[in-house]
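First comes the structure, then the notes that go with it.
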Amino acid sequence: MLPTSLTLRQAGPADWPAIQALLQTLGLPTAGAQHHLATFVLALSGEELLGCVGAEVYGRHALLRSVAVAPAWQGRGLGRRLLQVLLQQARAREIASLHLLTQGASGYFTRLGFAVAPRSSAPAGLQASAEFRGACPADAVFMSLALQVPAPAMADDLPVAVLGAGPVGLAAAAQLLERGLPFVLLEAGDSVGRNLLDYGHVRLFSPWRYNIDASMARRLSASGWTAPPEDELPLAAEVVERVLQPFAALPELARALKLGARVSALSREGMDKVKSAGRERAPFVLRYQQDGREHELRARAVLDATGTWNQPNPLGANGLPARGEAEVAAQIHYGIPDIAGAQRARYAGRRTLVVGAGHSAANALLDLAALAREAPGTRLAWALRSSALHKAFGGGAADALPARGALGSALQQLSQEGGLEVLSGLRIEAVQREADGRLTVSGRNEQGQALSLASFDQIICATGQRPDLSLGRELRLRLDPWLESTEALGPLIDPNLHSCGTVRPHGHRELAHPEPGFYTLGVKSYGRAPTFLMATGFEQARSVVAALAGDLEAADRLELALPETGVCSLGGSASAPAALASPAAAGCCPTPASAPAPAACATSCQPATPPRSACCG
């Protein structure tokens, strides 16, 4: 039997010595394996490595390699479970075929559906791999498995529809312009970057160099635009005013942009979600409202970059609105209010409860503390679901982005000075308005004991956001069951396991769905995970557009180099909106991630397992 503590996770650089030792123990080649380490899935029991599997991806084809199970754990089905996960992830990433070289394990792989084939029939990319060039013996058997994932068949005369004109949607538009692909850009708001303007007073904790897409910068520079100083920290509104709006004003972009165009539904022309035959050849149909009328648009592909900002999580710890939350909505602000500016009067001289453990909550608390020093009677309380306060204070001086580290340090100092009432371990269940107009919040602590907290004038709900999934009801989507991200991204971004600093960049394979030609980009691709990085979104756009253009070599190539980031979120899954944070009183999105991107098809955090004698598989 396999151990009950068996887990699977993606390999990182620190795992290479253990992987190398296992491969050497089994007589498997190690040449080239470390270069593809980001694709490896590890089976572990505690810290003990029980098995691994990896893949090298070349366009739409992949080479299975390093299928290895420790001798003591062979014959228990571990290898088969690992391979099942690998095959599942390969199909999710639109890998057309999987191949391997093996000595002595051809029978094992035959039972999994692989067939022996001439070595000369291997795709060209595989022929150039280390295994084909000598890492595997010349008499190793070549085997192939067709995954039967059809390439999207797109009508070239139809545009690509980009939904959402935020930073990532505009980056996708810039990439489409560079590739010469026709497109239509639909934005529900009255301006590009509408969500950024909603918290425009917030200062980003990452400098300009991480907040400007390279393709947008190239187009703007050609028009005489001057880039902001790359090491300065902009306000969220400045990103819109100095980059997004000037880019949207370029004639080649302006003619494709539709403002005030709210998309209400997506489908395939002439078929609903059930019909399969010819589906990949049918254009997308988009319905949207603009100027009080309903319109319909046909498109060859759809890039959904609509974000999550307008879908805030509720106060209720169970994911549902707290009982009575709707009735007192006038006294609740969702997100990051402009406490020092336009909304000062709402909080001055009042007692405010801030709910949440992320950067949005930290910004609100620090702004309230500054207001309390100016306006007598201003009081603030902080409710968070966890009692582990140290997690909410971030990396401090160890953070590679000083402004982000300063945010957590300032919050920690505020709590230590006694100017902040901390209500840790509170799981809110209900909120009600009392006779005096003030609010009472009730719930339970981590031990299940009932709690009731009274006399709040205002509540700031900073518990994160979630995606609106209604648009894709008639499309075939594959979503992570708890994050509601694209399924292939789930294991990479699970906030129970990762922070921004451990999420690897990724591309079209992780962002695709079973619906050919449909991709989710930007923060929406992360679902409920709070670890999204704007710079990662720019790389998503570049990879997906390259794939639409048929340039799979570029689509699979990693073009994102970011520094180590230390601690990214201030509180795990309850942190700020997809990349919101800031220095001592304001903060926002884009922050760099670390580590190379997963280039291949095998990543999962679910149990799974290979045979001992697969040479390169």
Side-chain angles (χ1 to χ4, degrees), residues 158-177 181-200 211-213 215-216 219-220 236-266 284-312 335 465 467-472 511 518-526 532 534 537-538 540-541 544-545 548 577-579 588-590:
L158 291 177
V160 175
V162 181
L163 314 186
V168 177
L170 287 168
Q175 293 288 342
L176 289 162
L177 284 170
L181 298 177
F183 68 93
V184 175
L185 179 57
L186 303 170
E187 166 58 43
D190 57 3
S191 167
V192 296
R194 180 64 260 176
N195 290 343
L196 282 172
L197 292 175
D198 191 54
Y199 51 91
N211 304 329
I212 303 176
D213 172 66
S215 57
M216 274 197 278
R219 291 251 163 200
L220 285 167
E238 290 177 329
V239 174
V240 179
E241 295 160 0
R242 300 182 65 177
V243 180
L244 304 189
Q245 288 177 344
F247 178 68
L250 296 177
E252 61 268 36
L253 193 287
R255 67 174 64 102
L257 175 63
K258 295 180 181 293
L259 294 175
R262 182 175 298 278
V263 178
S264 58
L266 302 168
F284 287 93
V285 175
L286 298 85
R287 287 188 180 169
Y288 65 96
Q289 281 72 42
Q290 186 182 40
D291 299 327
R293 295 188 297 118
E294 185 174 72
H295 303 263
E296 195 162 276
L297 171 71
R298 297 167 73 244
R300 59 178 290 212
V302 176
L303 311 185
D304 183 358
T306 53
T308 61
W309 182 252
N310 293 313
Q311 294 285 127
Q465 292 78 35
D468 178 4
L469 302 178
S470 62
L471 288 182
L511 300 169
F518 179 81
Y519 297 87
T520 311
L521 302 184
V523 63
K524 189 171 183 178
S525 70
Y526 274 42
F532 177 76
M534 190 186 291
F538 297 154
Q540 290 180 344
V544 167
V545 173
L548 290 178
C588 168
C589 167

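Keep in mind the model is a prediction, meaning the values are calculated, not measured.
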Side-chain touch F183/L253, heavy atoms, less than 4.5 angstrom: yes
Main-chain N/O of V545 paired with Q175 side-chain donor or acceptor, under 3.5 Å: no
Pairwise side-chain contact, L548 with L303, heavy-atom cut-off 4.5 Å (strictly under): yes
Separation between OH of Y288 and CG of L266, rounded to the nearest 0.5 Å: 13.0 Å
Side chain proximity check, F532 to T308, heavy atoms < 4.5 angstrom: no
Side-chain heavy-atom pair L163, L186 within 4.5 angstrom cut-off: yes
Contacts under 3.5 angstrom, residues 291-298 side chains, donor-acceptor by atom type, not counting sequence neighbours:
unit_1 : atom_1 : unit_2 : atom_2 : d
E294   : OE2    : Q289   : NE2    : 3.2
H295   : NE2    : Q290   : O      : 3.3
E296   : OE1    : R287   : NE     : 2.8
E296   : OE1    : R287   : NH2    : 3.4
R298   : NE     : E269   : OE2    : 2.8
R298   : NH2    : E269   : OE1    : 3.4

Side-chain touch L177/L250, heavy atoms, less than 4.5 angstrom: no
Residue pair V192 / L257, side-chain heavy-atom distance below 4.5 Å: yes
Contact summary for V162 and A172, nearest pair of heavy atoms: CG1-CB, 4.4 Å
Residue pair I212, L220: steps toward the side-chain contact (heavy atoms from CB on, under 4.5 Å) verdict: CA-CA 11 Å; I212 303 176; L220 285 167; 5.8 Å; no
Nearest-0.5 Å distance that lies between atom NZ in K524 and atom CG in L471: 4.5 Å
Shortest non-hydrogen contact between L286 and A161, atoms and distance: CD2-CB, 3.7 Å
L181 and R300, any side-chain heavy atoms less than 4.5 Å apart: yes
Residue pair G164 / L185: nearest heavy atoms and the distance that separates them: O-CD1, 3.6 Å
Backbone of G522 reached by a side-chain donor or acceptor of Q540 within 3.5 Å: yes
Nearest-0.5 Å distance, CD of residue E187 to OG1 of residue T306: 9.5 Å
Closest approach of S215 to A174 (non-hydrogen atoms, all atoms of both residues): OG-CB, 3.3 Å
Closest contact, heavy atoms only, F247 versus L170: CE2-O, 3.6 Å
Closest contact, heavy atoms only, S191 versus L197: OG-CD1, 3.8 Å
Salt bridge (charged side-chain N to carboxylate O under 4.0 Å, His left out) involving R242 - partner list, sequence neighbours excluded: none
Gap between atom CG of L511 and atom CG of L521 - 0.5 Å precision: 6.0 Å
Side chain to side chain, D213 and P167, heavy atoms closer than 4.5 Å: no
Spatial distance of atom CZ (R194) from atom CH2 (W309) [nearest 0.5 Å]: 12.0 Å
